[in-house]
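Input: a single structure, listed below in structure tokens.
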Amino acid sequence: MNEPNIGALASYDVAIFPPGRCSDPFGVTKCTSGDSSVEPYMAVHNTLLAHASVVSLYRKKYQAMQKGVVGISIYSFWSYPLTNSTVDLEATRRCIDFYFGWILDPLVFGDYPQVMKKNVGSRLPPFTEVQSELIKGSLDFIGINHYYSLYVNDRPLETGVQDYKADISVSLRGSRIDPPSSQGFPVNVPSDPKGLQLQLEYLKETYGNLPVYVQENGMGSADDSLDDTDRVGYLSSYMESTLNAMRNGADVRGYFAWAFMDLFELLSGYQLRYGLYRVDFTNGRRPRQARLSARWYSGFLKHNGTSALAPRTTQMNQALNLLS
């Protein structure tokens, strides 16, 4: 399963993904069917049960022969408290529980985080004892799709009709000086490689150091240039932070750069380019050209990753030399 922690919200709360279900006033457009207060929690609940059923089947019938492993992929961002106030520290903890614990606590411990049960109440479906036993331990690794960090501050718990955003009762922003995001995640968030290290170390401490794969990490840009030195700096710094987490004991098994080439992004279409290879979408043959980042990444892999450990100025010089 890929990113159930935000897929359920996009599909059943704000209705920007199919099947586009929501209830007023929570949808991005006029809602015609759905219940934003209940259905995101039902969707994740059924997703977890489906995941656990497949894992149980795989382990019983296929794993011994195929030697495969099964995990789940979480949309990831590191959360910093906006201030050191008690309410903001608690809000940051709550944010982590709602975005990560919502998925991982049941799969590791057999139940949802306590703060979710308190804030969501009867709208959060309970697990039976049999279901709890089925889902507990039903993953061999954790996958994360990680791009940035956010700042979190407390927002008073609302009364009346609530959805996930009201239940979590936090505000998110891309930096300390930004205004809070009014809808969804902030845009134009600065790079923060340290946040990935902190995220990996949090997973190690909280979930028994299960194997982790960084399944997506990359930088989107509206710039179609082949000279993407910013992307080289981004990738090298985030890989360095991954290595630092490993040195601190995190069981990271792999890192995947997003993306091999430009493609149709689910939310931004062709407006943001993430590819190491540029794709010309105006040409029906879709020709590809290697960006600087593709050549840098190739060199990084060929030299066994040692270039990622070089000082940042050295990395930039190496990247610029590829252009000459």
Side-chain angles (χ1 to χ4, degrees), residues 1-6 8 44-45 47-60 62-64 66-81 89-90 92-118 124-146 149 152 168 193-217 238-239 241-256:
M1 297 292 188
N2 185 52
E3 299 182 349
N5 55 333
I6 60 167
V44 164
H45 195 76
T47 295
L48 293 172
L49 291 173
H51 164 87
S53 297
V54 170
V55 171
S56 177
L57 174 66
Y58 185 77
R59 287 175 173 173
K60 289 176 183 176
Y62 304 104
Q63 193 168 42
Q66 296 181 353
K67 312 299 183 186
V69 291
V70 187
I72 201 161
S73 179
I74 309 294
Y75 187 82
S76 161
F77 60 91
W78 182 242
S79 301
Y80 293 110
L89 292 171
E90 290 176 349
T92 303
R93 174 72 245 186
R94 188 166 62 249
C95 183
I96 293 171
D97 280 341
F98 263 76
Y99 278 105
F100 282 90
W102 189 17
I103 309 300
L104 294 180
D105 274 29
L107 297 181
V108 177
F109 306 123
D111 202 2
Y112 294 115
Q114 193 62 38
V115 69
M116 292 196 72
K117 293 198 281 187
K118 175 185 175 183
L124 186 68
F127 293 109
T128 67
E129 187 174 338
V130 171
Q131 289 172 337
S132 180
E133 287 301 313
L134 175 69
I135 63 174
K136 184 178 180 180
S138 62
L139 76 173
D140 301 313
F141 68 87
I142 298 169
I144 62 172
N145 300 342
H146 187 100
S149 302
V152 180
I168 193 174
K194 180 68 174 180
L196 176 55
Q197 178 184 341
L198 295 173
Q199 183 67 75
L200 293 169
E201 292 174 359
Y202 169 81
L203 294 174
K204 172 178 75 79
E205 297 295 333
T206 306
Y207 297 109
N209 205 17
L210 281 166
V212 175
Y213 291 87
V214 181
Q215 294 185 317
E216 290 182 22
N217 177 244
Y238 274 81
M239 285 190 281
S241 71
T242 302
L243 182 59
N244 289 337
M246 295 171 67
R247 287 170 170 161
N248 289 338
D251 188 7
V252 182
R253 301 290 181 91
Y255 170 96
F256 297 84

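The structure displayed is predicted, hence computed values, not measured ones.
Once rounded to the nearest 0.5 Å, the distance linking CD of Gln215 with CD1 of Ile74 reads 9.5 Å. If you take CD on Gln114 and CE on Met116, they are separated by 11.5 Å, rounding to the nearest 0.5 Å. The distance from the CZ atom of Arg247 to the CD atom of Gln197 is 10.0 Å, given to the nearest 0.5 Å. Note that the OG atom of Ser76 and the CG atom of Leu200 stand 7.5 Å from one another [nearest 0.5 Å]. Distance check, rounded to the nearest 0.5 Å: CG of Leu48 to CD1 of Ile72 gives 6.0 Å. How far OG of Ser73 is from CG of Leu139: 12.0 Å, rounded to the nearest 0.5 Å.
At a cut-off of 3.5 Å, with distance as the only test, a side-chain donor of Asp140 or Gln63 sits close to an acceptor on the other residue.
The shortest heavy-atom contact between Asp251 and Asn209 is N-OD1, 3.1 Å. Taking both residues in full, the closest heavy atoms of Val70 and Tyr58 are given as CG2-CD2, 3.8 Å, listed atom of the first, atom of the second, then distance. Of all the heavy atoms in Ser149 and Tyr80, the pair that sits closest is CB-CE1, 3.6 Å. Taking both residues in full, the closest heavy atoms of Gly101 and Tyr207 are given as CA-OH, 3.6 Å, listed atom of the first, atom of the second, then distance. Minimum heavy-atom separation, Leu203 to Ile142: CD1-CG2, 4.4 Å. Nearest heavy-atom pair across Ala52 and Ile135 is CB-CG2, 3.5 Å.
The backbone N or O of Pro193 sits less than 3.5 Å from a side-chain atom of Ser241, completing a donor-acceptor pair. With hydrogens and angles ignored, the 3.5 Å screen pairs no side-chain donor or acceptor of Thr92 with any backbone N or O of Ser79. Side-chain atoms of His51 come within 3.5 Å of backbone N or O of Ser138 as a donor-acceptor pair. In this structure, the side chain of Tyr213 does not engage the main chain of Gly71 through any donor-acceptor pair within 3.5 Å.
Screening residues 94-115 for salt bridge (Lys or Arg N to Asp or Glu O under 4.0 Å) gives Arg93-Asp97, Arg94-Asp154, Asp111-Lys117 as the qualifying pairs, with residues at least two apart or on separate chains.
Using the six-membered ring where Trp is involved, His45 and Tyr112 have ring planes that are tilted, between 30° and 60° apart.
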Next item on the list: Determine, step by step, whether Val108 and Leu210 satisfy the side-chain contact (heavy atoms from CB on, under 4.5 Å) criterion, reporting the C-alpha distance in whole Å, the side-chain angles of both residues, the deciding distance to 0.1 Å, and the verdict.
Entry: CA-CA 10 Å; Val108 177; Leu210 281 166; 4.0 Å; yes
Next item on the list: Show your reasoning for whether side-chain contact (heavy atoms from CB on, under 4.5 Å) applies to Val152 and Ile96.
Entry: CA-CA 10 Å; Val152 180; Ile96 293 171; over 6 Å; no
Next item on the list: Please test Phe127 against Leu134 for side-chain contact (heavy atoms from CB on, under 4.5 Å), starting from the C-alpha separation and ending with a verdict.
Entry: CA-CA 10 Å; Phe127 293 109; Leu134 175 69; over 6 Å; no
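In this structure, the side-chain hydrogen bond (donor to acceptor under 3.5 Å, both in side chains) partners of Glu216, at least two apart in sequence or on a different chain, are Asn145, Tyr147.
Between Tyr255 and Tyr238, the ring centre distance reaches or exceeds 6.0 Å.
Counting heavy-atom neighbours within 6.0 Å of Glu129 CD, excluding the residue itself, gives a total of 12 or less.
Residues Val44 and Ile103 form a side-chain contact, since some pair of their non-hydrogen atoms from C-beta on lies under 4.5 Å apart.
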